[in-house]
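Each remark here refers to the structure printed beneath this line.
The figures here come from the full heavy-atom set of this structure, side chains too, leaving out hydrogens, waters and symmetry mates. Counting starts at 1 for both ligands and their atoms, in listed order.
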Amino acid sequence: MSKTKSPSWADVTPRADFLRRRSLIAGAGAALAFGAGPARAGLSAAPSAYSTDAKPNTLEEITSYNNFYEFGWDKGDPAKYAGALTTDPWSVEIGGLVGRPGRYDLADVLKTAPLEERIYRFRCVEAWSMVIPWIGFPLAALLARVEPQPGAKYVALETLLRPEEMPGQRAGGIDWPYVEGLRLDEAMHPLTLLASGLYGEELPKQNGAPLRLVVPWKYGFKSIKSIVKITLTAEEPRTTWKALQPREYGFYANVNPEVDHPRWSQASERRIGAGLLAGREPTLMFNGYADEVAGLYAGLDLRKNY
Ligand SMILES: Nc1nc2c(c(=O)[nH]1)N[C@H]1C(S)=C(S)[C@@H](COP(=O)(O)O)O[C@H]1N2
Ligand SMILES: [Mo]
């Protein structure tokens with residue numbers, strides 16, 4: 001795969017079929033496994049073979065140390081201010097190069113595929129990390145549903161713009177709304193999740209309620225929160241951090257211990273909650289998901305395409 005030509009819908013469709021079959025099987029398994037799996041009461045979700053067996057962070061850690069700049073720049077701001085966000089009603093506008101564009105109600109979006117629990121490693125570009133038990137379903141299932149057209153090569157995602165409820169949007173710094181994007185084959189990868197919950201319950205607002213992206217092999221900023229719009233495009237979409245600081249943040253943002261941030265090393269990370277005496281942990285290539293995703297980048301210079 002060259003860096004100028006990214007795969008089209010036709011190239012990734014076999015994977016979509018595979019996924020659909022797989023999620024049918026997972027759905028059947030869920031009925032049998034319900035009650036035995038690790039998910040708690042609240043949202044019922046099947047356990048997944050994609051989960052890490054690393055120990056999850058506590059709910060308290062996951063909900064009190066956040067980046068959600070719409071609510072402020074401090075890690076504690078989202079927990080303080082996101083409670084004011086109205087998440088019902090909620091809908092997602094899906095458009096661009098798709099056969100079935102439209103505004104989809106959240107309840108409808110959530111019916112796309114059975115919910116799964118995915119315990120993922122999560123690595124922020126700032127070199128801290130957590131392990132988070134998400135509840136969600138593959139973005140691929142939603143994309144298949146809206147029928148991408150052959151010319152679609154990228155997926156652009158957008159966060160809610162509502163300065164009345166988001167104090168950070170009333171301040172400068174970022175050109176709101178927050179926007180992110182993936183190549184279509186990255187978006188179709190079975191690890192790429194649309195999350196609507198964590199720890200078996202609905203997503204806390206500071207974590208991106210009611211619907212956020214989770215791309216576990218990329219730096220955390222790719223995992224855009226509180227999504228209201230998804231657009232399939234032919235060209236690489238604008239993304240918030242690359243637009244702000246292109247020398248420091250790229251479109252790919254794959255976790256890579258060998259490519260440092262211009263201002264700090266990416267070779268190791270601090271696990272939130274590990275305690276002051278715990279040493280830093282080595283950062284893993286693609287955040288530990290190399291077996292699953294390295295093939296997406298065959299032939300791509302990861303130093304240039306950071
Ligand atoms: N809309 C929006 N999405 C966002 C962000 C943000 O500020 N706004 N921050 C990103 C960054 S930098 C990280 S590390 C993760 C943090 O997710 P968490 O708070 O659930 O751990 O969300 C990402 N998604
Ligand atoms: Mo981040």
Phe251 six-ring face occupied by Lys222 cation (under 6.0 Å, within 45°): yes

Parallel, tilted or perpendicular: rings of His261 and Tyr249 (30°, 60°): tilted

Under 4.0 Å from ligand 1 - residues by heavy atom, chain and number: Asn66, Asn67, Phe68, Tyr69, Glu70, Phe122, Cys124, Trp128, Thr159, Tyr178, Asn207, Arg212, Gly220, Phe221, Ser223, Ile224, Lys225

Exam field: side chain Asn207 to backbone Leu203, donor-acceptor pair closer than 3.5 Å: no

Ion pair check, Arg145 and Asp108, cut-off under 4.0 Å: yes

No-hydrogen, no-angle side-chain donor-acceptor test under 3.5 Å, Ser91 and Arg103: yes

Carboxylate-amine/guanidinium proximity below 4.0 Å for Glu126 and Lys75: yes

